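These notes are about the structure you will find just below.
Chain letters run A, B, ... following the sequence lines, proteins first, then strands; residues in each count from 1. Fair warning: this is a prediction, and the values are worked out from it, not measured in the lab.
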Protein chains: 2
Amino acid sequence: MTGKTTREPRYAWLRECLVKDIASGKYPVGSLLPPEFQLAETYGVSRHTVREATRKLADIGLISRRPGIGTVVCAARDPNPYVAGLGTAKDLFDYTNATRLEVLARREVAADAALSGLIGCPPGEAWVELTAFRHATGQVAPISFTKVYLRPEFAAIEERLRGNHISIYAMLERFHGQTIHTVRQEIEAALMPAQAARLLGVGARSAALLMRRAYLDASGRVLGVSDNLYPSERFRLVTSWSRGDAGAAD
Amino acid sequence: MTGKTTREPRYAWLRECLVKDIASGKYPVGSLLPPEFQLAETYGVSRHTVREATRKLADIGLISRRPGIGTVVCAARDPNPYVAGLGTAKDLFDYTNATRLEVLARREVAADAALSGLIGCPPGEAWVELTAFRHATGQVAPISFTKVYLRPEFAAIEERLRGNHISIYAMLERFHGQTIHTVRQEIEAALMPAQAARLLGVGARSAALLMRRAYLDASGRVLGVSDNLYPSERFRLVTSWSRGDAGAAD
DNA sequence: CAGTGGTCTAGACCACAGC
DNA sequence: CTGTGGTCTAGACCACTGG
């Protein structure tokens, strides 16, 4: 727990270095990053590793690699917000694996009208509610205040969540043999409720992103729901669509 | 220009081979692809090239690379003109085509620090800023307060926007011959600024969704940016992902 | 244990941008 | 022309999975 069992790859470390250097103004917006071979030299890695590091930065739009020109700094984001790319199910999977839930409380609930509407279950059905923080790996402050609703038969997941980095998504598939067929996600604006604000250490009625995800099996049954409240300054959602070069030659 | 001056990279060719082989059933859904070193041998390329070829297939969910296990075929899907989008890219275009911009003001601006960070251009560059409402067809109240930033050479789009339902995206492609290669979207929580709140008829400092979209060409150059502020009660973003074929997961 | 994908190195040549 | 990122090779060691 104290020590990471696996050491961080070099490209991930380099990537964070670059994010910091861009945010700090060392590489201003509109300027060029040092050429790849020079970054490799400076940081003592191979050029391949530099490219691996910059690849994701290009994916989220922080930089843009231009052949024959160089690597342009496109945006200087505060390194605080956790930037997640959630364009595809894979992105979602990566994201949930890069975050960790810290369970604060657990209680069994009977679905009232609000919950049954949220989950899409008959009123009165028994569910387990987990109250939790979501942490980004390597960050101290939680990035979201989260409530998770699980069917009682899957509630053993909670024990596996403690101190673990594996996502609920993966848990359901791995330990309960459930195949997640559909993930439905809703995003809307919200104001941070007083209780959540206090726990997160942000101002009450500050801006928040409310993100709900429901995990459904092939028959449309809801297996679990997570309800995430993100303070605006700690989270940003990035999605990008690219025209495929696969087969679409034109 | 008609013909591709550069020959196709090997990884792209290999990628198409794999797509065809998966579609043809040579590698059935749920089975494992040959290991990377073997693919490299079979196709006469290096393992690095194999990984480059399979990377995008993994990105779009066609395959899933599992350390210690192998590369699982997840779906046999027709290659989409828009990869990584599944339903969502279509949703975006449906959406932008179902809304209409009402331009309130236009001015030419030189990018200050904030704008250059937002757009990803060098400070001082000249851009045209449009201030607008976004209306949903058939609704009276605007659903967002929007600012659009365009390169001056594309600013003629503004005239076409008046009373028109076609999206900026379509405008750039249709009237300026620009090919939009990538759309990058960022979503974050915000509080509705007083001015926008007054114009929209909502409470100041109420919850809002800030959605930015940048339209990029193939070289990563930003062609235009739209910055949309949605009052929480008028907009909610729903996305859903479905697994193409069940049973592939484990 | 052997085999997988994940990471990494140290080279190399190419097409293209800009001078 | 030089320098850039894009592609590619031929190796290597690692953590993890499964038998």
Side-chain angles (χ1 to χ4, degrees), chain A residues 3-16 18 27 31-59 62-74 90 93-94 97-98 164-166 170 173-174 242 245, chain B residues 1 3-16 18 27 31-59 62-74 122 181 216-221 249-250:
Chain A
K4 316 184 48 171
T5 60
T6 61
R7 78 175 198 295
E8 194 182 38
R10 296 191 194 190
Y11 71 84
W13 165 79
L14 173 55
R15 193 177 59 214
E16 294 314 304
L18 293 174
Y27 303 126
S31 71
L32 292 177
L33 246 48
E36 294 177 346
F37 82 92
Q38 189 176 318
L39 284 174
E41 213 171 52
T42 304
Y43 290 95
V45 298
S46 74
R47 193 180 152 215
H48 173 80
T49 301
V50 171
R51 289 182 62 74
E52 201 65 34
T54 54
R55 186 193 298 271
K56 184 160 290 180
L57 299 185
D59 282 346
L62 210 62
I63 61 178
S64 164
R65 304 195 286 200
R66 318 273 279 265
I69 302 198
T71 304
V72 186
V73 179
C74 291
K90 176 185 175 298
F93 195 81
D94 289 349
N97 276 329
N164 200 314
H165 289 228
I166 300 184
E173 296 216 327
R174 186 150 162 188
S242 283
D245 42 348
Chain B
M1 195 19 115
K4 310 191 53 171
T5 61
T6 62
R7 79 178 195 295
E8 197 183 35
R10 295 192 194 190
Y11 72 83
W13 166 77
L14 173 54
R15 194 175 59 211
E16 292 317 302
L18 292 173
Y27 303 127
S31 70
L32 291 176
L33 246 48
E36 295 177 345
F37 81 92
Q38 189 177 317
L39 284 174
E41 215 171 52
T42 304
Y43 290 94
V45 298
S46 75
R47 194 181 151 214
H48 172 80
T49 301
V50 170
R51 288 182 62 73
E52 201 64 35
T54 54
R55 186 193 298 270
K56 183 162 288 181
L57 299 185
D59 281 346
L62 210 61
I63 62 178
S64 163
R65 303 195 288 199
R66 308 207 171 180
I69 304 206
T71 304
V72 186
V73 179
C74 292
H181 181 268
L216 290 77
D217 68 11
S219 68
R221 194 174 70 126
D250 267 76

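Here CG of A/Leu39 is found 8.0 Å from OG1 of A/Thr54. Values are rounded to the nearest 0.5 Å. Between atom CZ of residue A/Arg65 and atom CZ of residue A/Arg51 there is a gap of 4.5 Å, rounded to the nearest 0.5 Å. The CD1 atom of A/Ile63 sits 4.5 Å away from atom CG of A/Leu57, with the distance rounded to the nearest 0.5 Å.
If you take CD of A/Glu52 and P of D/dC14, they are 19 Å apart, rounded to a whole angstrom. Between the NE2 atom of B/His48 and the C1' atom of C/dC13 there is a distance of 13 Å, rounded to whole Å. Between the P atom of D/dT17 and the CG atom of B/Leu32 lies a distance of 15 Å, rounded to the nearest Å. If you take NZ of B/Lys56 and P of D/dG6, they are 13 Å apart, rounded to a whole angstrom. A/Leu33 has its CG atom 8 Å from the P atom of D/dG5, to the nearest Å. At whole-Å resolution of the value, OH in A/Tyr43 and P in C/dT9 are 15 Å apart. Per the geometry, CZ belonging to B/Arg55 stands 11 Å off P belonging to D/dT7, to the nearest Å. The interatomic distance linking B/Glu41 (CD) with D/dT9 (C1') rounds to 15 Å, in whole Å.
Nearest nucleotide to the A/Ile69 side chain, out of C/dA17, D/dT9, D/dG5: C/dA17. When distances run from any side-chain atom of B/Phe37 to the nucleotides D/dT9, C/dC8, C/dT4, the shortest one goes to C/dT4.
Note on A/Arg10: a side-chain N or O is less than 4.0 Å away from OP1 or OP2 of C/dT9. Phosphate proximity of C/dT4 to B/Thr71: absent, as no side-chain N or O sits under 4.0 Å from OP1 or OP2. For the OP1/OP2 pair of D/dC8 and a distance below 4.0 Å, the side-chain nitrogens and oxygens of B/Arg51 include no atom meeting the criterion. For D/dG6, one of the phosphate oxygens OP1 or OP2 lies less than 4.0 angstrom from a side-chain nitrogen or oxygen of A/Arg65. A sub-4.0 Å separation between OP1 or OP2 of C/dG11 and a side-chain N or O of A/Ser46 is absent. Between B/Tyr11 and D/dC8 there is no side-chain polar atom (N or O) within less than 4.0 angstrom of OP1 or OP2.
Where B/Pro35 and A/Gly44 meet DNA chain C, the nucleotide closest to each residue was compared, and B/Pro35 sits on the side nearer the 5' end. Map A/Pro67 and A/Val50 each onto its nearest nucleotide of DNA chain C; the residue landing nearer the 5' end is A/Val50.
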Candidate pair A/Leu18 and A/Tyr27, rule side-chain contact (heavy atoms from CB on, under 4.5 Å), full reasoning: CA-CA 9 Å; A/Leu18 293 174; A/Tyr27 303 126; 4.3 Å; yes
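With sequence neighbours excluded, the residues forming a side-chain contact (heavy atoms from CB on, under 4.5 Å) with A/Pro35 are A/Phe37, A/Gln38, listed by chain and number.
Interface remark: the A/Arg66 side chain does not form any donor-acceptor pair with the D/dG6 base, using a distance-only criterion of under 3.5 Å.
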